[in-house]
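Bear in mind that the values here come from a model prediction, so they are computed numbers and not experimental data.
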Amino acid sequence: MLGVFSGAIVTAPDELVAAGSRTPSPKTTSTTLVNRFVDSKAGAVSVQVGDQVHLAYTHQDESPFQPRSFAVKDEIFCLFEGALDNLGSLKQQYGLSKSANEVMLVIEAYKALRDRAPYPANHVVGHLIGSFAFVVFDKSTSTLFVASDQYGKVPLYWGITADGCVAFANDVDLLKGACGKSLASFPQGCFYSTAIGGLRSYENPKNKITAIPAKDEEIWGATFKVEGSAVVAATE
């Protein structure tokens, strides 16, 4: 799956900007990145939201235990990969039908977060048990919300394209060519929200997240770590 957002939606993380400046490497534009995804993935579906957002996904090479899905409801767009172990109880909590799947559940959970202020974002994501990574874009408020499970069971990466867009994808090789060294593994157990102004840990919401510059020989620009946590969101 792939989500690409212009600077009007997302402010590029300083750590990734610095990494790209420190060790420059070839980049491509966001349009080239989206086209490369569509051209290289069988059955790829691409959706453009206004002039500032591109979302794309495919079922090619997906795990039967961690399927990918896409849904839109009330101008909320969601890409989801993985499976929730507690989907049944969450559907009851949010008043959803028995036929609702993970991607619809995440949309409803996001709506609860948006509409029932003050409703802590870490509570919303913290209630999700299983393997997952998702990207939510709320067109009505131009808000982006991204999260990964606490063990990083579903890979998720983010980087900056040549034209300054922030891209999220589960395919690291796809982002390598587009983002150069301005690339990192999205930290597990964390979420990114433009509504609250950045990256947070939902497991340890009071703990600061720091970015450790990668060694020059590594492809990664930085590794994000939650202070006080022994788990580092690094590459394999």
Side-chain angles (χ1 to χ4, degrees), residues 1-3 37 41-47 55-74 76-114 119-138 144-158 167-175 184-193 199-205 224 226 229 231-236:
M1 61 182 184
L2 173 67
F37 180 94
K41 307 291 185 181
V45 176
S46 175
V47 177
L55 302 171
Y57 76 102
T58 176
H59 294 296
Q60 178 183 340
D61 299 327
E62 74 177 10
S63 165
F65 304 106
Q66 297 179 350
R68 301 182 195 111
S69 50
F70 172 75
V72 184
K73 182 180 180 182
D74 299 333
I76 300 172
F77 297 74
C78 182
L79 290 166
F80 183 96
E81 181 172 354
L84 298 178
D85 300 334
N86 61 336
L87 179 61
S89 61
L90 288 172
K91 285 191 289 189
Q92 290 183 332
Q93 177 182 337
Y94 288 101
L96 298 178
S97 67
K98 292 183 179 180
S99 61
N101 59 5
E102 279 88 350
V103 69
M104 293 306 300
L105 183 282
V106 169
I107 288 177
E108 291 301 322
Y110 167 78
K111 287 176 66 178
L113 168 65
R114 181 192 66 184
Y119 198 53
N122 56 290
H123 288 186
V124 174
V125 190
H127 290 160
L128 306 180
I129 300 174
S131 55
F132 63 85
F134 64 79
V135 176
V136 171
F137 177 67
D138 184 350
L144 173 67
F145 191 84
V146 181
S148 174
D149 71 67
Q150 60 180 323
Y151 300 111
K153 294 178 181 177
V154 176
L156 184 64
Y157 309 92
W158 57 339
F168 298 83
N170 60 342
D171 183 346
V172 66
D173 291 327
L174 181 73
L175 290 189
S185 178
F186 190 85
Q188 58 207 48
C190 293
F191 67 90
Y192 180 90
S193 170
L199 187 65
R200 300 284 190 277
S201 166
Y202 60 82
E203 288 192 293
N204 302 286
F224 291 87
V226 180
S229 171
V231 179
V232 176
T235 62
E236 294 182 358

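Taking the six-membered ring where the residue is Trp, Phe77 and Phe70 present tilted rings, their angle falling between 30° and 60°. Relative orientation of the Phe145 and Tyr110 rings is tilted, given thresholds of 30° and 60° on the angle between their planes. Ring pair Tyr57/His59 is perpendicular by interplanar angle, where above 60° counts as perpendicular and below 30° as parallel.
In terms of modelled atom types and a separation under 3.5 Å, the side chain of Asn170 and the main chain of Val154 share no donor-acceptor contact. Under a 3.5 Å cut-off, the side chain of Thr58 and the backbone N or O of Ala42 do form a donor-acceptor pair. Side-chain atoms of Glu62 come within 3.5 Å of backbone atoms of Arg68 as a donor-acceptor pair (strictly under, hydrogens ignored). No donor-acceptor pair closer than 3.5 Å links the side chain of Lys91 to the backbone N or O of Leu96.
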Report task. May I have the step-by-step check of side chain to side chain contact (heavy atoms under 4.5 Å, CB included) for Arg114 and Ile76, ending in yes or no? Result -> CA-CA 11 Å; Arg114 181 192 66 184; Ile76 300 172; 3.9 Å; yes
Report task. Evaluate the side chain to side chain contact (heavy atoms under 4.5 Å, CB included) criterion for residues Asn122 and Arg200: first the C-alpha distance (whole Å), next the side-chain angles of each, then the deciding distance (0.1 Å), finally the verdict. Result -> CA-CA 8 Å; Asn122 56 290; Arg200 300 284 190 277; over 6 Å; no
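In this structure, Asn86 CG and His127 NE2 are separated by 9.5 Å, a value rounded to the nearest 0.5 Å. Atom CZ of Phe132 is separated from atom CG of Leu105 by 10.5 Å, given to the nearest 0.5 angstrom. Atom-to-atom distance recorded for Leu87:CG and Ile129:CD1 is 11.5 Å, nearest 0.5 angstrom. Rounding to the nearest 0.5 Å gives a distance of 8.5 Å between CG of Asp74 and CD1 of Ile107. With values rounded to the nearest 0.5 angstrom, Asp138 atom CG is found 10.0 Å from Lys111 atom NZ. Atom CG in Leu2 sits 9.0 Å away from atom CG in Asp171 (nearest 0.5 Å).
When every heavy atom of Val135 is checked against every heavy atom of Phe168, the shortest pair comes out as CG2-CB, 4.2 Å. For the residue pair Glu102 and Leu84, the shortest heavy atom distance occurs at OE2-N, 3.1 Å. The shortest non-hydrogen separation linking Ser201 to Cys190 is CA-SG, 3.8 Å. Smallest separation of non-hydrogen atoms from Ala44 and Phe37: CB-CE2, 4.0 Å. Minimum interatomic distance between Gly152 and Asp149 (heavy atoms only, all atoms of both residues): N-OD1, 2.7 Å. The two residues Ser148 and Tyr202 make their nearest non-hydrogen contact at O-OH, 2.9 Å.
Within the 4.5 Å cutoff, the side chain of Phe137 has no heavy atoms near those of the Val47 side chain. Counting heavy atoms from C-beta outward, Phe134 and Leu156 have side chains that stay 4.5 Å or more apart. In this structure the side chain of Pro155 never reaches within 4.5 angstrom of the side chain of Val172, judged on heavy atoms.
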